[in-house]
Protein chains: 2
Amino acid sequence: MVADMASKERSRGGMSEQRRHRVRLEISREAARLFWEQGVDATSGDQIAEAVGLSTRTIWRHFRSKESCAEPIVTQSVEWEMATLRGWPPHLSLEDHFAAESIRFAREASAMDQADTMLGVKMIRLSDTEPAIRTAWLMACDQVEREMTEIIAIRLGLKADDLEVRLHAAAASAALRVINEYIGAALLDGVDPREFADAPALIANAVRRATAGTVGDPVSADAEDQQE
Amino acid sequence: MVADMASKERSRGGMSEQRRHRVRLEISREAARLFWEQGVDATSGDQIAEAVGLSTRTIWRHFRSKESCAEPIVTQSVEWEMATLRGWPPHLSLEDHFAAESIRFAREASAMDQADTMLGVKMIRLSDTEPAIRTAWLMACDQVEREMTEIIAIRLGLKADDLEVRLHAAAASAALRVINEYIGAALLDGVDPREFADAPALIANAVRRATAGTVGDPVSADAEDQQE
DNA sequence: ATGACAGTGTCACTAAGTGACAGACAATGC
DNA sequence: GCATTGTCTGTCACTTAGTGACACTGTCAT
């Protein structure tokens, strides 16, 4: 029975998780496009459903509200940052790690990933004027903050609910958000992406300043173990 | 003076702004109470209308959505912080100014103000589990951030859209938010408010660290004039 | 084959929110 | 005094977001 469940998890359940994610992303893509082209209010659930080729009912099975249809595409646009933070090795500085990862991203990302990223940037811009979308963006930033909290806790060898850690995480992720908005807005205004080659340094310095120099530099391997 | 206000209250255009604000606050108070007592989903627009003694239609005239009914009470809970920031004299340190202002608040605030503040704290706690309310809270924090941007720009003698200023403002207000959540949660857990006598120092130090020491200390009177 | 199950469609339904119009009420003009 | 004007509010019909219940379809395990 255990093996049965395991195989089920792999074939059925596990698959369905991925599939669900894919369907949500597909819906989100169309929804984001429509939101961008004609505004949120002017876009109906029926329209989204038709664009993606599903029944309206099914849309509501995947999303609890119209605005939340934008979430996956927004979340995905910060996902690589979260992944990058998760994979931040103690012995590397933040700029070195971000620089390496963004090179890897530029090399490995598919055309669809790039298109999705642009859609995400558009949603972030939309969130300036559409409160409904701003929610999605702020929620995504909230996710980044939680991620950041974990990373900082480990890096400093403190608990994740420590006030110090929470303060650093909040400040650092707020800085990250501002840089995201800043670069995103510039990209939409047609600025050449090459202009932002120094983004890793920009981010690392902002994080360093936001955390009083506590976060950003390499830490010695055993620093993360000592709890005091 | 009071008579002046009262007469102005009756006069036409000028008053309607204040009156509108009062009505919204009254609605918000009842809505927040209901949200806290029975949850957001379980509270209908009709219920709010009945509780406040207005027709449902009028509720939707004042608020564009059910959740946004919580906004004024949430906003008000950070309003004194915004007012305090606005009135931060250049020659004072942040802790000194906050300490002075919070003493003044404790002395001058009416019973209803205090009750509203507690309601606001409850809404902030609610926003942990109710995404709809979290929006209101994050929006209020957004307001604080904008306020903070202005204050920091003036204090450092830079433009409000300067990236440096925006980074500092975001980090500082994020720190402020975390402390708000931290103290609010503690208060709801029954911790004695006297425990937080050191809040001004806590806030000032957090802001100072979040801004790499740039914001928090007194600035010389002419520092704010020089643009570079 | 057959049964279990997850995903989807259909349809009726509740609740959120809007538009249009009418009445209440105070301030203003004559 | 009385009509006028503008703002706020209530009533009611209406649209749209979102849910519940049930039937249908394809896939997998037995």
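None of the values given here were measured: they were computed from a predicted structure. Just so it is clear: chains get the letters A, B, ... in the order the sequence lines come, proteins before strands, and each one is counted from 1.
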Legend entry - Gap between atoms CZ and P, on B:R20 and D:dT7 respectively (whole Å): 13 Å
Inset, instruction - Grab the CZ-P distance between A:R64 and D:dT16 for me, whole Å please. - result: 22 Å
Legend entry - Rounded distance in Å - CD1 (A:I27) to C1' (C:dG7): 12 Å
Inset, instruction - Assign the ring pair B:F196 / B:Y182 to parallel, tilted or perpendicular, where the plane angle (0 to 90°) is split at 30° and 60°. - result: perpendicular
Inset, instruction - For A:D41 and C:dT18, give me the distance from atom CG to atom C1', rounded to whole Å. - result: 12 Å
Inset, instruction - Taking only the side-chain heavy atoms of B:W60 (C-beta and beyond), determine which of C:dG19, C:dG17, C:dT8 contains the nearest atom. - result: C:dG17
Inset, instruction - Count the heavy atoms belonging to other residues, nucleotides or ligands that lie under 6.0 Å from CD of A:Q38, then report whether that count exceeds 12. - result: yes
Inset, instruction - Return the orientation label for the A:F105 and A:W80 ring planes: parallel under 30°, perpendicular over 60°, tilted otherwise. - result: parallel
Inset, instruction - Find out whether A:K122 and A:I133 are in side-chain contact, i.e. whether some heavy atom of one side chain is under 4.5 Å from a heavy atom of the other. - result: no
Legend entry - Among C:dA16, D:dG10, D:dT11, the one nearest B:R57 by side-chain distance: D:dT11
Inset, instruction - Remember a base hit wins even if backbone is also touched, and classify B:S65 as base, sugar-phosphate or nothing at under 4.0 Å, heavy atoms. - result: sugar-phosphate
Legend entry - Nearest-Å distance for atom pair CZ/C1', residues A:R61 and C:dG9: 8 Å
Legend entry - Distance, rounded to the nearest Å, where A:H62 contributes NE2 and D:dA17 contributes C1': 17 Å
Inset, instruction - Taking only the side-chain nitrogens and oxygens of B:T58, find out if one of them lies under 4.0 Å from OP1 or OP2 of D:dG10. - result: yes
Legend entry - Atom pair distance, as rounded to whole Å: NZ in B:K66 and P in D:dA17: 16 Å
Inset, instruction - Send over the distance from A:Q47 CD to D:dA17 C1', rounded to a whole Å. - result: 14 Å
